[in-house]
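Notes for the one structure printed next.
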Amino acid sequence: MAEVLFWPALLGYGEAAIAYVSPSYSRLATWGVRLGWLAQTALLAAQAAHVDGFPWSSWAGSLNLFVWFVVGTYLIWGCQPRYRLVGLAVMPLAALLFVVSRIGGGISAGGGSSYGNLFLTVHVGFILAAFAGFTLAAALAGLYLVEERRLRRRAPDILRLRLPSLVTLDRLTVRTIAISLPALTIGLVAGFIRLREDGGGVDALMGVTILAWLVYAGFLVSRSRGRRAAELALVGFAFVLVARIVLAGSHF
Amino acid sequence: LSLSLVGISHHVAPVELRERVALSLERAASLAQALGDAVCLSTCNRTEVYLANGDESRALSSLEELAGGPLRSVAYRLHDEAAARHLFRVSAGLDSMIPGESEILGQVRAAFDAASPGPLLDRVFRQALHLGKRVRTETAIGENPVSVPAAAAALAAQVFGDLHGRKVLLVGAGRIGELAAGSLSARGASIAYVANRSSSAAEDLAARFGGAALALDEVPGKLGEVDVVLSSTAAPGLLIGREDVPARRRRPLFFIDIAVPRDVDPAVHALDGCFLYDIDDLEAVVAETLEGRMAEAEVAERLVVEETARFSEWRASLEVVPAISSLRAHAEAIRASSLAGLPSLPEHERRRIEAVTADLVNKLLHEPTVRMKLAASEQDGLAYAEAIRYLFGLDEER
């Protein structure tokens with residue numbers, strides 16, 4: 001049952017990723033995001049119903065949950081025709097990661113984890129929610145740099161191909177990071193408590209995640225704004241990408 | 001039912017002529033009423049009379065009376081689909097001087113509301129209003145500014161988003177600067193300071209916008225307080241140098257330099273958080289947005305074609321409606337006379353027979369009705385209507 005729901009979700013995300021290319025189809029793309037996300041929500045619910053324990057503890061399963069968080073955050077924060085380019089940055093990535101998750105077996109209603117549900121919900125849930133927030137912040141920051149460059153180059157089409165204003169993009173980036181960092185902190189603390197109890201050591205993924213935490217904490221403490229803030233948000237996201245894509249399999 | 005249009009517009013008549021036939025809403029409504037089933041649309045660019053089964057010559061004479069001379073050489077006359085298509089283009093803003101201007105839609109609505117149109121004009125004007133709204137929501141034809149002052153304000157909004165609470169320093173009290181300040185103010189920005197060589201002009205303009213007047217040498221000292229600097233003086237050299245701009249780490253500073261020679265050092269644009277647009281940059285943006293409107297106008301033209309086709313279908317279906325009604329009436333008459341010939345029956349049996357025969361008539365006539373409407377939309381409607389009349393002898397019944 002769960003596997004069947006993968007296809008409508010992918011169809012929605014894929015349709016959105018393609019439709020966002022043209023401004024005329026932004027509304028259609030937004031519906032693709034909404035319907036795809038609902039289908040993925042049903043998929044996650046079906047997985048949870050079939051498994052005794054936390055069903056997303058494998059790297060592929062956590063990728064599935066991560067995609068859900070990313071699209072969910074995008075839906076709440078910026079899923080409007082005006083933010084088409086945010087969608088164009090987020091949705092192809094979401095669709096691709098969703099496919100990778102399926103190839104890795106993250107969609108199946110397989111066995112649960114030997115870890116306790118509460119620990120996994122707090123640790124995995126908060127860290128993935130934070131990573132989803134950082135992904136959206138990176139898309140906003142990228143958009144800021146594009147718009148700033150167009151203003152700097154005095155692009156004559158700046159009013160024809162409109163992006164959100166610089167100040168709006170800057171504010172949304174800061175807010176997204178300000179919400180995501182506490183979530184990452186809670187997830188990390190839960191992980192460290194468990195690590196202490198089990199007596200394990202810090203692996204590469206933990207190290208990179210801590211580096212990401214330091215960059216984002218530096219971002220908030222320095223109260224950066226404008227181009228510097230956007231660049232810093234992208235540096236932080238580079239660590240998130242390494243943790244999420246390159247090192248994901250090493251932690252499970 | 002025939003639709004016709006008589007009118008003059010900016011395409012064919014100079015302003016000296018248009019102003020003579022321009023009518024207030026009330027006078028346009030009176031003229032329409034005097035002409036029968038009519039709507040009169042009068043704006044600064046056009047005066048047009050739309051008539052349903054009306055007397056075109058009388059409408060033209062009325063306009064000529066207003067013009068004080070013959071209009072035959074400039075007035076246009078359009079009929080049926082061509083007249084509807086013209087109205088659709090007008091309400092979509094495609095017939096305007098600046099494609100996509102939005103005021104016309106309100107003017108079409110007002111003209112329609114002021115008149116008392118019959119079914120044909122009611123239908124075509126409702127379609128025109130619907131199309132006008134559709135063009136504005138489904139295309140970006142009216143979105144972008146088409147003047148330098150409006151482009152300056154739109155660019156400021158592109159940097160700051162909402163301009164409410166943003167402070168503007170206006171340097172120079174020239175006309176174009178004042179217009180740009182007006183555009184910024186209309187978007188919510190506050191004109192905090194007005195600086196000018198002549199203090200009386202600065203004070204006048206500052207009073208109008210609710211700001212404070214400054215001397216030109218006070219400008220550098222205020223750059224740290226404002227978000228937008230709008231400069232348009234006739235000064236021979238630079239008024240604001242790179243060194244005058246304070247370091248702004250937390251919010252952008254947007255310079256609009258409309259002056260020639262320029263007032264603001266071009267090196268300011270390279271400073272972190274600072275953006276400078278001069279008159280050439282603004283004109284390039286306006287030219288691009290006009291080009292964009294033209295591209296969107298093509299999309300809008302397609303919507304006009306769709307709407308015209310819809311109007312044609314509706315009109316064609318009107319041609320077969322009388323034949324369909326006659327056929328139904330004919331069938332109903334046969335049914336009634338057959339029922340009347342029945343011997344006396346118990347009430348429940350009579351009711352049952354009535355229901356069965358009504359159902360039979362409906363089922364028999366359903367397919368021809370649907371097909372005749374379909375044929376009407378494909379331009380063969382009249383031929384089929386005639387055939388039905390001939391086959392069932394409907395004409396003899398008239």
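So you know, we letter chains A, B, ... as the sequences are listed, proteins then strands, and number each from 1.
With chain B as the partner, the residue from R227(A), R223(A), R152(A) showing the most heavy-atom pairs under 4.5 Å is R152(A). Between chain B and the options D170(A), L169(A), I158(A), L166(A), the largest number of non-hydrogen pairs under 4.5 Å is found for L166(A).
For chain B, the nearby parts of E148(A) are the backbone and the side chain; heavy atoms of each come within less than 4.5 Å. Within the 4.5 angstrom heavy-atom criterion, no atom of A287(B) approaches chain A. For A140(B), no part sits under 4.5 Å from any heavy atom of chain A, backbone or side chain.
Here the straight-line distance linking atom CG of L155(B) with atom CG of L151(A) works out to 7.0 Å at 0.5 Å rounding.
Across R228(A) and D272(B), no two heavy atoms sit closer than the pair NH2-OD2, 4.4 Å. Taking each heavy atom of V167(A) and R166(B) in turn, the nearest pair found is CG1-NH2, 3.7 Å. Annotation for S165(A) and V159(B): closest pair CB-O, 3.7 Å, computed over non-hydrogen atoms. Taking both residues in full, the closest heavy atoms of A154(B) and L159(A) are given as CB-CD1, 3.7 Å, listed atom of the first, atom of the second, then distance.
Looking only at side-chain heavy atoms (C-beta outward), L276(B) and R154(A) come within less than 4.5 Å of each other.
Within 6.0 Å of CZ in R109(B) there are 12 or fewer heavy atoms belonging to other residues, nucleotides or ligands. More than 12 heavy atoms of other shown residues, nucleotides or ligands fall within 6.0 angstrom of atom CG in L214(A). Within 6.0 Å of CD on E103(B) lie no more than 12 heavy atoms contributed by other residues, nucleotides or ligands.
Residues of residues 184-191 of chain A having a heavy atom under 4.5 Å from any heavy atom of chain B: none.
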